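For reference, the structure discussed in these notes is given below.
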Amino acid sequence: MSPVETKRTAAVKVADTLNNIEGVPVTAYAKELSAKWAKGEITGAQMKAALLAKHRKVS
């Protein structure tokens with residue numbers, strides 16, 4: 001695991017933990033996108049766009 005991937009994975013864990021503390025569930029889809037971002041497979045902008053598109057489709 002590269003240093004960037006290690007830092008991104010740690011950031012995802014912190015974000016998920018904070019969301020859980022606040023009572024905000026993290027969806028499986030969001031976890032999937034976060035894992036892809038941590039591995040460098042997608043950019044932060046692509047992750048945000050995918051999440052927004054999913055939420056707009058659901059509402």
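Just so we're clear, the structure is a prediction, and the values are computed from it rather than from any experiment. In what follows, every heavy atom counts, from backbone to side chain, and hydrogens, waters and symmetry copies are set aside.
- Hydrophobic clustering, defined by side-chain heavy atoms of Ile, Leu, Val, Met, Phe, Trp and Tyr closer than 4.5 Å, groups L51 together with V12, Y29, L33, W37, I42, M47.
- Taking CZ of R8 as the start and OG of S2 as the end, the distance is 8.5 Å to the nearest 0.5 Å.
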Would K48 and L52 count as a side chain to side chain contact (heavy atoms under 4.5 Å, CB included) here? Give the steps. CA-CA 6 Å; K48 181 179 176 180; L52 287 172; 4.0 Å; yes
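- Residues that satisfy the side-chain hydrogen bond (donor to acceptor under 3.5 Å, both in side chains) test with T43, not counting sequence neighbours, are Q46.
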